[in-house]
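The chains referred to below are lettered A, B, ... by the order of the sequence lines, with proteins before strands, and numbering in each begins at 1. Side chains are part of it too, since the values below use all heavy atoms of this structure and drop only hydrogens, waters and symmetry mates.
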2 protein chains.
Amino acid sequence: MEAAKDANLQLNYYQKEDQVLLAVDCIIFGFDKEDLKILLVKRNLEPEKGKWSLIGGFLKKNENLDQAAVRVLKTLTGLSDIYMEQLHTYSNVDRDPGQRTISVAYYALIDVNAHRFGDIQMDSANWFDVKKAPHLIFDHNEMVQKAIARLRRRALTKPIGFELLPEKFTMRQLQTLYESILDKKLDKRNFINKINSLDVLVKLNEKDMTVSRKGSYLYVFDKEKYEKKVEEDGFNFKI
Amino acid sequence: MEAAKDANLQLNYYQKEDQVLLAVDCIIFGFDKEDLKILLVKRNLEPEKGKWSLIGGFLKKNENLDQAAVRVLKTLTGLSDIYMEQLHTYSNVDRDPGQRTISVAYYALIDVNAHRFGDIQMDSANWFDVKKAPHLIFDHNEMVQKAIARLRRRALTKPIGFELLPEKFTMRQLQTLYESILDKKLDKRNFINKINSLDVLVKLNEKDMTVSRKGSYLYVFDKEKYEKKVEEDGFNFKI
DNA sequence: ACAAAAGTGTTTGTCATACACCCATGA
DNA sequence: TCATGGGTGTATGACAAACACTTTTGT
């Protein structure tokens, strides 16, 4: 076990030198009628001051990364109780030209309309269509690409799309959401048949009259039913 | 952008306090005739001295995490040129009772028989059947579980299973490998039909005579062909 | 009456699954 | 000759994909 002993020596030896700054960066997804969007902010410190960036912050001693991500999101946007998932850890030596920093990327899904952005000044923050996002600092574009790929896979196998919609939504909204996530058109009848066959939505006796004259029925996602099906039947959500 | 300014102040304020030790831990998978295995070592330092553990080490200032993972694997086993993938970052405050440490888990796939374990003393390291692994220190069992789940998904959609086999292998070996990864029996004819339909193996004029009297044909994975298919036809490897 | 979106089933093709016998060889 | 693993094809069912017309209602 000599090798492990060396590692141990390294631990002692490098105890100070090898400590690094750990950051958390958040890719915040939203959905606004038609398009999948991400929330970006204008960085107001050097280096790269004035450039578009993901929101981020640093890990504190008394919290784990999930908690740091929640805190960062809450601090910078006022939002809490949000779906978040760890994505990947980025560690290139020169990724941040200011200082060696390791960044753990998270992505978040939020219902754009249900939240007020109290703490954020919207002149220095903006929603961008994911397909038209500007160039971002450091490796943030790479993070965004990975987040989109992950969201695509997740949305096909877990009921996380609903996190991006209002509590009550129409079938058309749900379809448009999936079309924007997958970046391809879906067949209306096949989509509705598939969703209905999953049997996790409740159709309300209530219509959204804002889009068409006829109006379209509203649905809600029945989370309890979904979880019960998963537990009892090993149900697999699959779009 | 007041909030971001606060974050900036925190950066300056916490520049020293908030630095943390970053470790890399490796789940090393191997396949030995019948079973999927992981390589574990006996820890020889406190805390938890003598307990089974993943191999690990600390990130250095002049390398990124991928390089650290490669280095740790090389240092502790003598192996290089190995398939590795970042898995997840573990950060609970008290995960390591000795000192606050964040650990980035990687998993590696190795061909057990093609490598000599020069630097490792096998009395303090051992291959364990993944289904019979002992209790591990810290959150290492959790890491192993996540690695198995990831390997399962990856092996179904990317040709990484071959990393666990000798260069030349029989259909039966390949099938047994997948059975051990997926932890379920597969139908022999269906499996062979599916593999053949993928059209990325080359059947050699050479038989493995060590198992049966009849002998069974050896195959090799044609990586160039696979990559060409992916690039030209958007081919999807799918078991 | 017409424009605009909502709502609704069937057919077809593809892919996954289930399944059983003969072959080659060494002992 | 027999025991052992190797090798091979077809039939069925399930699910995915393609596809067009009627309904409702406000203007």
Between NZ of B/Lys33 and C1' of D/dG5 the distance, given in whole Å, is 16 Å

| query | Is it true that the side chains of B/Asp25 and B/Tyr90 contain a donor and an acceptor less than 3.5 Å apart? | reply | no

ask   = Can we say A/Lys37 and A/Asp129 salt-bridge, meaning some charged N sits less than 4.0 Å from an Asp/Glu carboxylate O?
value = no

Note: for A/Arg172 and A/Arg213 on DNA chain C, the residue whose nearest nucleotide lies more 5' is A/Arg213

From CG of B/Asn193 across to P of D/dT8 the rounded distance in Å is 10 Å

Output side-chain donor-acceptor pairs under 3.5 Å for residues 189-204 of chain A, partner residues at least two apart or in another chain, one line each.
{"unit_1": "A/Asn193", "atom_1": "ND2", "unit_2": "A/Arg189", "atom_2": "O", "d": "3.3"}
{"unit_1": "A/Asn196", "atom_1": "ND2", "unit_2": "A/Ile192", "atom_2": "O", "d": "3.4"}
{"unit_1": "A/Ser197", "atom_1": "OG", "unit_2": "A/Lys194", "atom_2": "O", "d": "2.7"}
{"unit_1": "A/Asp199", "atom_1": "OD1", "unit_2": "A/Lys225", "atom_2": "NZ", "d": "3.2"}

Among D/dA18, C/dC19, C/dA5, the one nearest any side-chain atom of B/Asp187 is C/dC19

Whichever of B/Lys238 and B/Arg189 has the more 5' nearest nucleotide on DNA chain C, that residue is B/Lys238

Rounded to whole Å, the CG-P distance (A/Asn190 to C/dT12) equals 15 Å

Is the count of non-hydrogen atoms from other residues, nucleotides or ligands lying under 6.0 Å from B/Phe128 atom CZ greater than 12?
yes

Result for 5'-nearest mapping on DNA chain D, choosing between B/Lys214 and A/Lys194, is B/Lys214

DNA chain D nearest-nucleotide lookup for B/Ser216 and A/Lys207: closer to the 5′ end is B/Ser216

Atom CD1 of B/Ile192 and atom C1' of C/dA16 are separated, to the nearest Å, by 16 Å

